[in-house]
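Only one structure is covered here, and it is reproduced in the block below.
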2 protein chains.
Amino acid sequence: MQTGEVVTIVHGERELMERTAHLMASATDVACAANDLATWARAQASGELAEAMRIRRPGDVRIRKVYRSALLLDPVAAQGLARDRDRHGAQVRITSDEINETIILDRRLVVLAGDVRAGQRSYSVITQRETVQGVTSLFEAAWRSATELDVYDNRIAEIRQLAPQVLDLLSQGVKDETAARTLGLGVRTYRRRVAELMDALGAGSRFQAGVRARELGLV
Amino acid sequence: MQTGEVVTIVHGERELMERTAHLMASATDVACAANDLATWARAQASGELAEAMRIRRPGDVRIRKVYRSALLLDPVAAQGLARDRDRHGAQVRITSDEINETIILDRRLVVLAGDVRAGQRSYSVITQRETVQGVTSLFEAAWRSATELDVYDNRIAEIRQLAPQVLDLLSQGVKDETAARTLGLGVRTYRRRVAELMDALGAGSRFQAGVRARELGLV
DNA sequence: GCCGGAGCGGCAACAACCTGCCATCGCCGC
DNA sequence: GCGGCGATGGCAGGTTGTTGCCGCTCCGGC
């Protein structure tokens with residue numbers, strides 16, 4: 001593994017950390033996109049990095065994170081986000097678009113998550129200037145179009161309450177009419193809930209929503 | 001754990017096996033309903049039971065199994081079923097209804113699968129005559145309405161071929177019109193495929209189908 | 001009491017989906 | 001060749017889901 005290469009593929013978070021931990025610890029501009037809390041979790045939890053971060057004052061380092069909206073449907077995950085934000089002074093935003101898991105350090109190094117093989121996720125570590133700029137630009141666009149955590153959180157606060165029941169009914173194959181009455185709602189309102197749910201899941205069809213909901217363990 | 005009780009709750013397959021392995025080994029009429037191959041798999045694989053079964057001649061013991069149709073969408077699982085049947089001379093049928101996982105031994109003892117807690121599934125072991133008769137009667141009804149494995153397998157043979165692509169398109173939220181043309185099919189035929197798929201998954205709505213498909217790891 | 005905003009739920013128009021029907025076509029077996 | 005069989009895909013008519021619109025009610029502020 002030569003350090004001079006512009007693109008390196010590493011396997012597993014451990015290897016990734018070995019390569020990048022020191023960079024993360026010293027970075028002053030961290031941008032991050034993720035679909036769930038698990039992905040970079042170990043990164044943050046593991047020893048020296050968290051250490052290094054704690055030493056800094058807020059303001060020393062700019063941390064921006066974009067998460068998928070579906071994450072907020074899980075109360076536990078939602079809490080995790082808020083805690084994460086408060087602890088590291090990170091800015092957290094929410095998008096309903098599909099995002100590839102990404103880390104950008106100081107606009108100079110990019111880590112892209114690849115697919116999982118043999119239980120280990122592979123990562124592309126990129127230092128090539130043009131590519132990094134391109135990815136950064138994409139991230140900036142996503143960042144601009146994303147919604148501040150607080151704002152989004154308020155918006156779906158009550159969705160989250162009703163979500164379990166709605167998902168339950170949907171996954172039983174109950175018709176809207178019946179489901180609405182079961183919940184003591186009008187059909188229009190029930191469908192509003194379903195639409196919001198699908199929006200939060202980033203799903204364009206109910207089938208897709210079903211898949212996503214199951215992926216997130218919400219059903 | 002007193003042996004005189006009519007209903008006993010046991011936790012985990014290990015405990016279940018300790019209680020019932022000797023009965024299974026000597027039973028001459030085994031009826032079984034399951035949603036996947038995993039459930040009673042360990043039971044069959046583990047030592048003495050499999051041993052005991054191998055010793056018998058086909059004809060000595062009548063083994064009937066009912067599985068859910070969704071299982072056949074997974075080629076690997078479908079193979080597993082056929083192998084299982086050939087090896088033990090079991091009769092295998094397929095139903096598209098929801099079934100609770102059940103074993104009935106010689107019409108005298110019933111095992112009902114319960115929910116999973118702390119990683120272990122609980123089982124109700126029942127010997128009470130009336131209950132056993134009731135459950136047996138239910139099983140017989142399910143058995144009669146179920147379809148012979150071969151017949152069902154032929155029926156969905158080509159569905160299984162197309163299923164991955166259809167599921168892929170569905171899970172991308174692609175509209176039927178587009179999806180059909182992508183596959184070089186008419187909309188009518190595409191929808192026919194989707195309907196068959198949903199039937200095989202035992203789903204009454206596309207949302208439900210999405211959930212099931214994800215559960216089975218088909219998407 | 002009055003106002004404004006937010007949520008609800010009926011209505012309606014439209015899009016999407018589901019299904020029965022049937023003409024058509026290719027593929028056998030005769 | 002011919003008739004039967006199964007798959008196809010267009011069409012039609014029905015059901016279900018999606019969305020904008022609007023009047024209604026409830027509430028908090030004034």
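Chain letters run A, B, ... following the sequence lines, proteins first and then strands; every chain starts at 1.
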Closest listed nucleotide, where the reference is the side chain of A:T189 and the choices are C:dA16, C:dG9, D:dG9: C:dG9
Nearest-Å distance for atom pair CG/P, residues A:L162 and C:dG9: 11 Å
Whole-Å distance separating the OH atom of A:Y190 from the P atom of D:dG17: 8 Å
d(CG, A:D176; P, C:dC18) in whole Å: 13 Å
Distance-minimising heavy-atom pair for A:K65 and A:W143: O-CZ3, 3.4 Å
A:N35 side chain reached by A:Y67 side chain, heavy atoms, under 4.5 Å: no
Rounded distance in Å - CE (B:M198) to P (D:dT15): 17 Å
Phosphate contact (D:dT8 OP1 or OP2) by B:R192 side-chain N/O below 4.0 Å: no
Closest-nucleotide 5' rank along DNA chain D - winner of B:S205 and B:G186: B:G186
Under 3.5 Å donor-acceptor pair, B:R206 side-chain atoms to D:dG17 base atoms: no
B:R188 side-chain N/O to D:dA12 phosphate OP1/OP2 under 4.0 Å: no
Side chain B:R191 and base D:dG9 donor-acceptor under 3.5 Å: no
Whole-Å gap separating C1' (C:dC18) and CZ (B:F207): 20 Å
Atom CD of A:E140: over 12 foreign heavy atoms under 6.0 Å: yes
Euclidean distance, atom NZ of residue B:K175 to atom C1' of C:dC18 [Å, nearest integer]: 16 Å
Most 5' of B:R193 and A:E177 on DNA chain D, judged by nearest nucleotide: B:R193
A:Q208 CD - C:dC17 P separation (whole Å): 12 Å
Integer-rounded Å distance: C:dC18 P and B:E196 CD: 13 Å
Non-hydrogen atoms of B:L16 and B:T20 that approach each other most closely: O-OG1, 2.8 Å
Among D:dG9, D:dC21, C:dT19, the nucleotide that comes nearest once only the side chain of B:A195 is considered: C:dT19
Closest non-hydrogen atom pair, B:I94 against B:S69: CG2-CA, 3.4 Å
